[in-house]
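Written below as structure tokens is the structure these notes are about.
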Amino acid sequence: MRVPHGRVTMPDGTFDMPFYRRMHALVQGWQTLDEIPADRLPNADDRAACERLLHLEARLIDGLRLEAWLALFTEDCAYWIPADVAAADPARFVSWEFNDRRRLEERVERLEGGRAFSQIPITRTTHIYSNIEMLTHGQDGMEVLCNFLIQANLLGRVSQRAGWNGFLLRRTEAGWRIVLKRVGLFDADLSQHNNSFTL
Amino acid sequence: MTLSATQADGADTARGRYDGYFRPGYAHRDIYTAQDVFDQEMLHLFGTTWVYVGHESEVPALNDFVTRTIGRRPVILSRGKNNGLHVLINRCTHRGAVVCRQAQGNAARFVCGYHAWTFGTDGKCLGVPLSHAYGPDFDMEAQNLHRAARVESYRGFVFASLNGEVMPLVDHLAHARRYLDEWIDRGDCLPVVVRAGSMRFETHANWKVIYDNAGDGYHPPFSHISMLRVFARRYGDVDMQYYSGNFDEAPLISRDLGNGHTLLDQRPSMHAQSAWERQHVMPGREKMWEALSEKYGEGPAREMLDASTGSGLNLNIFPNLLIIGNQIQLLEPLAVNRTVVHWFSTTLDGAPDEVNALRMRMQEDFPSFGEVDDTAQFEACQTGMECVPEMPWIDIRRHMNTDAGHRGEDGIWTEPISSDQHMRCYLDAWRRIMNAGAARACDDA
Ligand code: FES
Ligand SMILES: [Fe+2]
């Protein structure tokens, strides 16, 4: 499968069938990636900037600053939590969540509205990102793969989430921003408990 | 039998062993919290009635299988020769190991990992290594995997029973059959396919707490206020906003379908005109509409896209099958206070890709915006019931004494949407089946 280096999302942030095909191809590329080709290794400055973005992203989630967190995403973004571990086609296979910008805003609005019982009390989290790998995606794009470990506590019950994130980042006038956050739970196809906080 | 703290009224065994757990308008917490009641349910309820195990489209080809449970018993649903469906008890006849530990796959034979006893897709024992050691009288046929006594498919929905004397499946389904037909025939009668993945939620609650909720038309505007507010603010009077004010006056109904099966029907509200127009925005809505209306014209496109919206039905088939919107939910009891809720997503075979893509995004909507809040309540109920022995009774009185019910022309008893008749009906079936199961076990002993 050829990894698309061009634009994956629609400029207006909507999903059409070609969008799903590009998204599917991107993830299949990640699933079959061997060593990162030399011509796709980012320069040190870009790598450092993207790393800062990831760390900020995790810090804003853990600090429950979801409006600021949302501001890290582009207008055409997607927040995706698959329900499988085999990189199935999202147009034909259900995910836990596959949100466009609109639905991501709705998700935040629900959580911040004070009546989302699944998060009363709120789940406390600590996000740890590690094993960070980066590949350039065209001129102003970056693909980032990283492992995550989320330590969570809801109502005194400690639990963990783990897996790998696939990010697609874009250089904008405001700095690097998130076009895609794909949260690949390593047990996405198995039972999950309350994942209604921000993964 | 546990009847702790406050003794249930009239718990005399002469009237039926499980009658004492109920009094008019109330059910005793022990049916949700007591380990011995749970153990007895696995025997007398799941061990005697029809249990949903899977959909035929999950095992379309020869040797396809999925693993499921009947109560807690691991079973294999397999596709054998001549299109046959088999439900095998997934417990090795040798030393008891679970033979097949994969969720799904394709296998001509099941080989137990322990000592390699080997079984066919119909459970037939095909091989026992070094079998000479069992002596000359060893009977291979007697080593077959056990099979469910009865297996029947109703238009693709495969049910199994461990009870050879169970009533025919269509009798068991009673009036639920009509609604199952309506659900299946929705979407231009295109075949429903259950191969689009599933979500599994593990809930720290008794399986019946979840069954309770499946027919609870009282909770939506309260439990789901966070979701309803967001959608109202953004999209106005869309789906589920009809749960407001005195929604018992809205065209929404609760129906008793017999044998513990019930229905919440939102279609008179949701599908009164175009459900596609009424539904709030899902990712991809605009582009899919553009593509289909350009290709087929607006009228046909609207009809096709109606099939991407929720069915407007909550069809509850006792004890473990819940049809909600376009999903097939299966309840898997793990322990007295732990249950897995499987949400199988569905596609329509032969529908445009756009319709099925929208169906996927639509089937993610309620689980992530609504089910999570339901789950919080399930667990809160379980905790409250478990931890306060001084308050053993659960209230199921709504519309018991209001004379608001009526028998429809189709003979089906109908009540306002917020009625607790769902719980009264299914708990009555629970009590009858449990009493009969216990009596049978007594006779056998
Ligand atoms: S337990 Fe299965 S072969 Fe021994
Ligand atoms: Fe609900």
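Every chain is numbered from 1, with letters handed out A, B, ... down the list of sequences.
- Looking at A/W96 and B/F201, their side chains come closer than 4.5 Å, going by heavy atoms from C-beta outward.
- Both the backbone and the side chain of A/R107 have a heavy atom closer than 4.5 Å to some heavy atom of chain B.
- Atom CD of B/E202 is separated from atom NE2 of A/H193 by 7.5 Å, given to the nearest 0.5 angstrom.
- Residue contact with chain A, scored on non-hydrogen atoms closer than 4.5 Å, involves the side chain of B/E379 exclusively.
- If you check the side chains of B/H280 and A/E106, you find no donor sitting under 3.5 Å from an acceptor.
- For B/T375, no part lies under 4.5 angstrom from a heavy atom of chain A.
- Comparing A/A116, A/S95, A/S196 by how many heavy-atom pairs each has under 4.5 Å with chain B, the most go to A/S95.
- Only the backbone of A/R92 comes within contact range of chain B, with heavy atoms under 4.5 Å apart.
- One distance of note links CZ of B/R361 with CZ of A/F98; it measures 6.0 Å at 0.5 Å rounding.
- Neither the backbone nor the side chain of B/D374 comes within contact range of chain A, judged by heavy atoms closer than 4.5 Å.
- The shortest distance between side-chain heavy atoms of B/K287 and A/M17 does not fall below 4.5 Å.
- Proximity to chain A (any heavy atom under 4.5 Å) is restricted, for B/F222, to the backbone atoms N, CA, C and O.
- Ranking B/P283, B/G284, B/G197 against chain A, the residue ahead of the rest is B/P283, based on heavy-atom pairs under 4.5 Å.
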- Message: Could you go through A/E109 and B/R229, starting from their C-alpha distance and side-chain angles, then the distance that decides it, and tell me whether this counts as salt bridge (Lys or Arg N to Asp or Glu O under 4.0 Å)?
- Response: CA-CA 9 Å; A/E109 190 177 320; B/R229 272 192 184 166; over 6 Å; no
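- The choice from B/A103, B/A380, B/S223 that makes the most heavy-atom pairs within less than 4.5 Å of chain A is B/S223.
- Ion pairing of B/R285 with A/D100 is absent here, as no side-chain N (NZ or NE/NH1/NH2) approaches a carboxylate O to less than 4.0 Å.
- When heavy atoms are compared at a cutoff of 4.5 Å, A/D12 approaches chain B solely by way of its side chain, counted from C-beta outward.
- For the pair B/R200 and A/D187, the minimum side-chain heavy-atom distance is 4.5 Å or more.
- Ranked by heavy-atom pairs shorter than 4.5 Å toward chain A, the options B/P367, B/A291, B/A376, B/A196 are led by B/A196.
- Of the two parts of A/D84, neither the backbone nor the side chain holds a non-hydrogen atom closer than 4.5 Å to a non-hydrogen atom of chain B.
- The choice from B/T347, B/D353, B/N356 that makes the most heavy-atom pairs within less than 4.5 Å of chain A is B/D353.
- A distance of 10.0 Å separates NE2 in B/H204 from CG in A/N194, rounded to the nearest 0.5 Å.
- Considering only heavy-atom pairs separated by less than 4.5 Å from chain A, the leading option among B/E354, B/M227, B/R234, B/Q363 is B/R234.
- Considering every non-hydrogen atom in both B/I225 and A/F117, the closest pair reads CG2-CE1, 4.1 Å.
- No more than 12 heavy-atom neighbours from other residues, nucleotides or ligands sit within 6.0 angstrom of CD on A/Q139.
- Surrounding CD of B/E286 are more than 12 heavy atoms belonging to other residues, nucleotides or ligands, all under 6.0 Å away.
- Atom OH of B/Y218 has 12 or fewer heavy atoms from other residues, nucleotides or ligands within 6.0 Å.
- Side-chain contact between B/M199 and A/Q192 is absent, with no heavy-atom pair separated by less than 4.5 Å.
- One finds the CG atom of B/D365 at 10.0 Å from the CD atom of A/E97 (value rounded to the nearest 0.5 Å).
- Taken to the nearest 0.5 Å, the CD1 atom of A/I81 stands 8.0 Å off from the OG atom of B/S368.
- If you measure heavy-atom distances from B/A357 to chain A, the contacts under 4.5 Å come from both the backbone and the side chain.
- B/M360 and A/A91 get closest at one heavy-atom pair: CG-O, 3.8 Å.
- Residue A/R110 comes nearest to B/S226 through the heavy atom pair NH1-OG, 2.9 Å, listed as atom of the first residue, atom of the second, then distance.
- Of the atoms belonging to B/Q377, it is side-chain heavy atoms, and not backbone ones, that fall under 4.5 Å from chain A.
- Interface residue B/V340: only side-chain heavy atoms are found under 4.5 Å from chain A.
- When all heavy atoms are compared, the tightest approach of B/S345 to A/V94 is OG-CB, 3.4 Å.
- Between B/R195 and A/F93, the shortest heavy-atom distance links the atoms O-CE1, 4.0 Å.
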